[in-house]
Amino acid sequence: MPMEEQPHFRVPLSLLLFLSLFLLPTSFSSTHDLQILNAERRIDLTSHIIKVYLTLKVENLGTSPASEVHLAFSPAEAEHLAIVKAAATSGKRKKKTYIPLDVKSAELPDGPNGTKFFTVTLLTSLNKGETATLEVLYILTHSLEPFPVEITQSESQLVYFRDSAILLSPYHVKEQTTFIKTPSTRVESFTVVDPAKRAGTELKYGPYEDQPPYSYSPVLVHFENNNPFAVVEELEREIEISHWGNVQVTERYRLVHAGARHKGAFSRVEYQTRPDATGVSSFKHLLAKLPPKVHSVYYRDEIGNVSTSNLRTDYRKSELEFQPRYPLFGGWKSTFVIGYGLPLQDFLFESPDGRRYLNFTFGCPLTQTVVDKLILKVVLPEGSKDPTAVIPFQVDQHLEIKYSYLDVIGRTVVVLEKSNVVPEHNVPFQVYYTFNPIFMLAEPLMLSIAIFLFFVASVSYLHADLSIRK
Amino acid sequence: MAASDAPNGDVLIRNAFGSVLAFLILLLIGVLAFSIRLFSVIKYESVIHEFDPYFNYRVTQFLTKNGIYDFWNWFDDRTWYPLGRVIGGTVYPGLTLTAGTLYWFLHSLNIPLSVETVCVFTAPIFSAFASWATFLLTKEVKGVGAGLTAAALLAMVPSYISRSVAGSYDNEAVAIFALIFTFYLYIKTLNTGSLFYATLNSLSYFYMVCSWGGYTFIINLIPMHVLLCIVTGRYSSRLYIAYAPLVVLGTLLAALVPVVGFNAVMTSEHFASFLVFIIIHVVALVYYIKGILSPKMFKVALALVVSIGLAVCCAMVAVIIALVASSPTKGWSGRSLSLLDPTYASKYIPIIASVSEHQPPTWPSYFMDINVLAFLIPAGIIACFSPLSDASLFAVLYIVLSVYFSGVMVRLMLVLAPAACILSGIALSQAFDVFTRSIKFQLPSLSDHSHIDARDASSENIVPDDTIKTDKSEDTPKERMTKRSKKKEKEPVEKPPTKFQIKKRLSVLPFEASIIAVILLVLLVAFYVVHCVWAAAEAYSAPSIVLTSHSNDGLHVFDDFREAYAWLSHNTDVDDKVASWWDYGYQTTAMANRTVIVDNNTWNNTHIATVGTAMSSPEKAAWEIFHSLDVKYVLVVFGGLVGYPSDDINKFLWMVRIGGGVFPHIKEPDYLRDGQYRIDSMATPTMLNCLMYKLSYYRFVETDGKAFDRVRRTEIGKKYFKLTHFEEVFTTHHWMVRIYKLKPPKNRIRGKNKKSKSKTSSTTTSKRKGTRRNPF
């Protein structure tokens with residue numbers, strides 16, 4: 001029912017949104033009882049994954065207690081938003097503790113057109129005059145636009161970053177500052193919104209005082225960023241559970257360099273003889289962080305092994321350092337497969353109610369990469385029933401059937417799909433299922449029966465005289 | 001053979017034990033044949049090797065993806081651009097269908113092996129089959145012991161290993177099995193006179209025709225054997241049953257294979273079989289008439305038949321000669337002609353001569369490929385003559401012919417290998433037989449042993465000595481007991497050995513000499529085994545697409561080919577055309593999935609000559625040729641940086657020759673200085689300005705400052721030059737593959753007349769003129 005009601009709802013809502021632009025800021029007093037005393041934003045542009053740390057000090061001005069704080073994002077940001085995390089801080093300085101808070105996507109009736117909201121639920125509601133400090137981290141992907149769009153081998157990569165000097169917020173902001181950290185001191189240009197200044201690799205916008213809700217002041221920063229823009233267009237991770245003691249993981253990557261496209265010739269002699277002057281934005285090393293006790297690691301693509309890889313293991317983690325077949329310049333693509341086995345007891349547990357569950361890490365093991373589309377398949381053993389997946393964030397789920405070695409009824413596959421995955425999504429998730437260990441014996445039994453029947457057939461053939469004439 | 005009741009049970013048990021032992025040995029031989037070919041997977045990886053296997057692999061992929069009907073109708077537009085190639089009608093489908101069937105079978109059991117895995121392991125599986133087929137064939141010729149020895153020898157003969165290591169997914173891998181099995185069924189039919197085996201023989205021949213062009217060897221060898229049998233007065237109804245159905249059914253079936261089609265009755269390779277078919281009928285008729293007529297009447301009839309027959313034959317021969325003579329190649333294909341006349345290819349068809357495996361072998365290659373078997377063959381031939389049977393006559397004929405063919409073309413060493421194994425197996429088995437019997441007769445402890453069944457006693461004695469020999473001496477009783485239903489069929493083959501055994505018992509060698517001889521023979525076989533394992537591990541396991549070298553600081557891997565192909569496949573447009581010398585055509589289509597101009601199926605000489613001409617032309621003319629072919633990328637293989645000898649510069653003279661064969665303005669002497677091929681400062685200006693030189697050495701001087709070519713061991717002649725019509729787009733890590741892109745035409749057009757010329761230069765002839773005008 002709520003799904004059906006939505007279309008009816010939307011017409012007046014968008015009307016209201018439209019009206020709200022004119023009626024600000026008095027109309028919906030309930031959300032505007034809060035104000036932000038101090039907002040500090042630190043935008044980290046050192047890699048192609050943009051991390052924004054936002055510290056908000058919120059005060060309740062109204063009479064009724066407030067338990068929710070809204071965060072606003074412009075449509076461009078919302079499109080590239082990978083994750084939003086919030087935490088409440090308590091204590092000072094060294095004894096500071098962070099308590100994670102619940103963040104939900106929300107719709108507010110009074111935002112300007114296209115603004116997307118997230119609601120942070122506070123631990124304790126704020127009474128009149130009380131303040132609370134929130135730490136918010138959000139991550140943007142694909143938000144650095146290369147300019148020039150195409151570069152030659154000897155050029156370095158320049159990108160645009162677009163944002164607002166003033167925090168977009170549904171609340172009145174008393175004081176705010178924005179810091180933008182660039183990877184190098186080379187900044188071609190940046191929009192000046194007084195007061196704004198640049199020192200080394202840092203741009204400072206602000207402090208700005210007393211900004212009304214939904215204030216926006218676009219800025220454009222044009223700077224050098226030669227970090228690898230490694231984007232996995234599609235990653236398919238297949239986790240196959242065998243109750244004989246192994247978890248087999250197969251990861252199929254489709255990697256692309258999403259930075260400024262390579263233009264003109266590629267000269268190997270320049271690339272080899274002057275490594276720091278040519279192809280600075282290209283990359284050839286990738287690092288995958290794998291679980292400890294990993295074994296039988298392979299790295300190949302559709303035409304065979306790729307011999308350039310190096311595995312380091314210790315008891316806490318394994319690191320697979322590898323190179324694609326060729327260095328990746330802007331726009332160049334590559335596909336490869338990484339596979340490894342893991343001991344079952346590290347990942348499969350039994351819950352108190354007798355069900356089993358797999359505890360595994362979501363996300364992509366490659367460091368500093370964005371995954372546009374992640375398909376995670378958990379292949380349960382043949383005969384498993386009632387699979388349920390528990391994941392801390394929203395993903396698309398469905399079930400499939402896969403036939404593997406000598407399967408008769410097929411294995412249940414739990415398929416989880418998520419787009420725009422960043423390393424912060426590497427959190428554990430669980431898949432619960434029921435499994436009867438008797439199914440483990442099905443295939444050995446089948447094989448033994450087949451061999452037995454074969455021998456019986458041979459024996460009976462040898463003892464039967466099939467000739468027509470005696 | 002008339003054993004009394006008391007030892008009968010004993011013999012029965014020993015026979016059962018013997019056949020179980022023989023079965024186990026065969027199983028182990030199969031395992032040996034399979035596992036000795038896995039060095040390539042262990043040392044390198046599970047990957048398809050070399051050039052042709054990549055094409056077969058690609059066809060198999062297509063087959064498993066699209067099914068058999070699409071496969072027959074497959075027109076491949078990704079090769080021989082813009083001509084394309086009808087794959088279904090020009091490929092021997094046996095290997096592909098075999099691997100496809102294997103793949104479907106595995107997948108019907110839900111065993112998810114990839115097509116690549118199935119293809120990689122097809123060859124080792126079929127070598128196990130081939131060694132079993134060798135056992136069967138040799139058993140028909142000389143009994144179980146010789147069979148087991150021959151099977152063990154074939155399982156590890158280096159010549160066959162070179163073509164059937166895991167990953168070497170080529171026609172020969174299954175064809176050798178089919179060849180031996182066809183011969184086995186032929187001999188089996190000859191020995192039994194069973195029409196059942198004759199039919200199987202035709203089917204096996206059909207499989208061979210499906211698998212390999214070498215089937216013409218069968219269809220010429222068997223008629224020759226039949227003719228030889230007739231001439232030596234060995235005609236029998238069994239011979240007729242073995243031969244006539246094979247020709248009729250076999251030819252009909254062979255014509256079903258699209259690539260053969262009417263060639264099965266039209267080309268000269270098959271004429272021998274039809275001629276002998278006529279002769280055997282005449283002979284059969286003569287024998288029949290001889291049977292029903294009195295000797296006197298027969299002489300009259302013979303005179304009549306011979307005179308009429310001769311007239312008819314002369315007429316037919318005249319017609320055939322007229323037909324054959326009317327075709328330019330006398331009805332023979334180029335490769336067959338070069339077999340009959342070893343100098344033919346080098347005189348007329350440089351494209352056949354340019355392939356290294358079509359060259360005549362050198363003496364060391366015999367030692368490398370068949371090792372000690374080369375010395376055992378004569379002994380085997382002698383063993384075949386004592387006593388001579390139809391089957392052993394066949395073995396002798398087989399070895400003689402295959403020695404000749406292997407002498408013409410190194411690739412046909414592969415046909416020699418089974419024959420060498422069979423004869424060496426016979427020789428070894430017979431030698432062991434003689435020596436161990438001599439030892440047994442002189443052992444004092446055994447001399448008072450019951451002499452009722454001397455041959456059984458000898459087998460007991462031999463068991464610890466050499467297990468392979470065990471069954472040799474008891475084949476006769478074993479056959480009797482275990483195959484009682486087939487007893488009747490066995491009769492013809494058993495008679496000669498039985499007589500032979502009795503005769504041989506009398507010839508006894510001195511005790512010490514026998515012991516030493518046995519030890520020496522074992523040593524000889526041990527050397528063979530060591531050599532085979534070495535050959536399998538070191539010489540024949542390299543996949544050639546990935547190269548390794550050992551140096552002081554460890555193992556170096558040169559994976560440049562796949563680096564280049566992967567780059568092409570991911571970073572160029574899917575419909576881009578890539579030009580390279582034909583060697584790399586199959587790999588480019590299979591690994592990079594890009595359209596190529598020419599590939600290893602060298603069916604169109606002119607097209608290859610066009611690419612050769614482009615490579616040997618100066619830059620501008622080459623650009624025009626490539627542009628007219630819609631080429632976007634040019635790929636050259638260059639080994640000068642790391643010392644990889646089989647690169648394009650070393651193959652370049654063949655490009656010149658093949659190009660010059662069709663387009664006469666390319667002249668080989670222009671590229672040679674005083675008859676010498678060189679690329680240093682003494683090289684001719686034509687050489688230093690041709691496209692191949694420029695693409696290979698572009699900016700090479702910047703690597704070390706001197707431009708020292710490590711393959712030619714010299715500094716190159718022209719070090720600093722610019723490319724005006726081509727642009728380097730990719731060079732692999734070790735520079736082994738360099739890919740250039742043709743610059744777009746707008747950079748080229750400057751003047752008016754050039755513009756108009758380039759528009760009209762779509763045909764090759766006008767291009768030729770343009771090239772000749774160009775003073776380089």
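The shortest distance between side-chain heavy atoms of A:Q272 and B:W735 falls below 4.5 Å. At least one side-chain heavy atom of B:T703 sits under 4.5 Å from a side-chain heavy atom of A:V269. A:Y405 is listed as a side-chain neighbour of B:I111, based on a closest heavy-atom distance under 4.5 Å. Looking only at side-chain heavy atoms (C-beta outward), B:F730 and A:W332 come within less than 4.5 Å of each other. With contacts defined as side-chain heavy-atom distances shorter than 4.5 Å, the pair B:E116/A:E302 does not qualify.
Heavy atoms only, all atoms of each residue included: B:V47 and A:I303 are closest at CG2-O, 3.9 Å. Residues A:D301 and B:A566 share a closest heavy-atom pair of OD2-CB, 4.4 Å. Across all their heavy atoms, B:V729 and A:F266 have their closest contact at O-CB, 3.1 Å. The shortest heavy-atom contact between A:N305 and B:R562 is O-NH2, 3.2 Å.
Both the backbone and the side chain of B:E702 come within less than 4.5 Å of a heavy atom of chain A. Neither the backbone nor the side chain of A:Q153 comes within contact range of chain B, judged by heavy atoms closer than 4.5 Å. Contact of A:S267 with chain B is made through backbone and side chain together, with heavy-atom distances under 4.5 Å. With a threshold of 4.5 angstrom between heavy atoms, B:L106 does not approach chain A through any atom at all.
Counting heavy atoms of neighbouring residues, nucleotides and ligands inside a 6.0 Å radius, atom NZ of B:K43 exceeds 12 of them. Remark: A:Y298 OH is packed, more than 12 non-hydrogen atoms of other residues, nucleotides or ligands lying under 6.0 Å away.
A salt bridge between A:R268 and B:E563 is present, with a side-chain N of the basic residue lying under 4.0 Å from a carboxylate O of the acidic one.
Using bins of under 30°, 30° to 60° and over 60° for the plane-to-plane angle, the ring pair B:H570/A:Y326 lands in the tilted bin.
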